[in-house]
There are 6 protein chains.
Amino acid sequence: MKISARNLLKGKIIKITKGAVNAEVTIELPGGAQIVSIITNASVENLHLAEGKDAYAVVKASNVMIAVD
Amino acid sequence: MKISARNLLKGKIIKITKGAVNAEVTIELPGGAQIVSIITNASVENLHLAEGKDAYAVVKASNVMIAVD
Amino acid sequence: MKISARNLLKGKIIKITKGAVNAEVTIELPGGAQIVSIITNASVENLHLAEGKDAYAVVKASNVMIAVD
Amino acid sequence: MKISARNLLKGKIIKITKGAVNAEVTIELPGGAQIVSIITNASVENLHLAEGKDAYAVVKASNVMIAVD
Amino acid sequence: MKISARNLLKGKIIKITKGAVNAEVTIELPGGAQIVSIITNASVENLHLAEGKDAYAVVKASNVMIAVD
Amino acid sequence: MKISARNLLKGKIIKITKGAVNAEVTIELPGGAQIVSIITNASVENLHLAEGKDAYAVVKASNVMIAVD
């Protein structure tokens, strides 16, 4: 499946914290930067996500803001 | 100003394409990965964004999805 | 690729309207309901979207609201 | 009240799972497809949502992505 | 219709700028603060939005970030 | 830091409810209107948010819908 989201950043899952409904998943990119994602627990299970596995952070371009110092 | 958005990725603006209302801004991260953002033209002007300038891509964690191969 | 977005609705593209930066893509579901999406023009091209083609509308669960009469 | 969100899909609530802050609400459309939504617990109470009740899934067009096989 | 979005701010439309696909609509709240919204042109027409008319800015709680000085 | 999000509404934090992963933060604007936000617990801690403190509600324009009576 190919998706229209313009941003796919490949990395490795380094942390998963589960709540009652949502989970926080942290991905580390090759350069060391980290991306934090909130998805449902059901998705963590459906995709068999686990610490140490490769995964992509996926972001729709309209959800990216820009900031400057 | 400090913002609650968990993801701030620093890079350099490499391309700005303006439409009637929205603009597409592309940021290149140090590792070479690119992040595409859609913001309003007014924001491009308010922040004096221009190709070659440093900027952050900012994403709220709840807007990050995860994908696996 | 498998994505964490919980909502994937399969249908057929019935209309594409392109602007300067964004495009509006309408998908008709089997039952006749229509889903409208705003994505970038670049994604329309990258995915070779065209009227008459099959496609999925994909929505992250945190972007779905509920309403009642 | 009429809202600008382009996508209103009518169905029946078939499942509500509450967490500490957020709840997951699943709506089944007439054709059998299911839509999953994450809203706050307060909204579940304010709208008196309950399994078996009719409800709409509401999605802003800019939050719909497109995918192809 | 009642919607799960937690934030409904009533004001007056003071400006509408239309693009090819999207429009920018500015609402002024009673206290003088302004809220800027990007919606599709089709929604501007469907809701008969016009400068001077009363309208609500509607925001899902998960789309609100917090910042501090 | 200056951010592209068009909507920054200054107010005072009047309530914080923490869950396992996410927290609900309510800000009261000078005119008395309230804005509800869902952010991660980690952000509540990183920004040292607390009831009684001044803070901004920040919303990207593409996440604001319009409604009319």
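These numbers come from the heavy atoms of this one structure, side chains and all, not from hydrogens, waters or symmetry mates. First the proteins, then the strands, lettered A, B, ... as listed; each starts at 1. For clarity, every value in this text was computed on a predicted model and none was experimentally measured.
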(message) As a quick check of understanding, evaluate side-chain contact (heavy atoms from CB on, under 4.5 Å) for A/V58 and B/V64, giving each step before the final call.
(response) CA-CA 6 Å; A/V58 181; B/V64 179; over 6 Å; no
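- Looking at every heavy atom in both residues, B/L47 comes nearest to A/A67 through CD2-CA, 4.3 Å.
- A/I27 touches chain B through its side chain: at least one heavy atom from C-beta onward sits under 4.5 Å away, while N, CA, C and O do not.
- The part of B/I39 that comes within reach of chain A is its side chain, from C-beta onward, which places non-hydrogen atoms under 4.5 angstrom from that chain.
- For chain A, the nearby part of B/A33 is the side chain; its heavy atoms alone come within less than 4.5 Å.
- Looking only at heavy-atom pairs under 4.5 Å with chain A, the residue among B/I38, B/V36, B/V68, B/V59 that has the most is B/V36.
- Contacts of B/L49 with chain A are made by side-chain atoms alone, with heavy-atom separations under 4.5 Å and no backbone atom involved.
- Using a 4.5 Å cut-off between heavy atoms, B/L9 touches chain A through its side chain atoms alone.
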Do chain A and chain B have donor-acceptor pairs under 3.5 Å, and which are they?
unit_1, atom_1, unit_2, atom_2, d
A/R6, NH1, B/E24, OE1, 3.4
A/R6, NH1, B/E24, OE2, 3.4
A/R6, NH2, B/E24, OE2, 3.1
A/N7, OD1, B/V36, N, 2.7
A/N7, ND2, B/V36, O, 2.9
A/E24, OE1, B/R6, NH1, 3.4
A/E24, OE2, B/R6, NH1, 3.4
A/E24, OE2, B/R6, NH2, 3.1
A/V36, N, B/N7, OD1, 2.7
A/V36, O, B/N7, ND2, 2.9
A/S37, OG, B/V64, O, 2.7
A/I38, N, B/A61, O, 3.0
A/Y56, N, B/A67, O, 2.8
A/Y56, O, B/A67, N, 2.9
A/Y56, OH, B/D69, OD1, 3.2
A/Y56, OH, B/D69, OD2, 3.1
A/V58, N, B/M65, O, 2.8
A/V58, O, B/M65, N, 2.9
A/A61, O, B/I38, N, 3.0
A/V64, O, B/S37, OG, 2.8
A/M65, N, B/V58, O, 2.9
A/M65, O, B/V58, N, 2.8
A/A67, N, B/Y56, O, 2.9
A/A67, O, B/Y56, N, 2.8
A/D69, OD1, B/Y56, OH, 3.2
A/D69, OD2, B/Y56, OH, 3.1

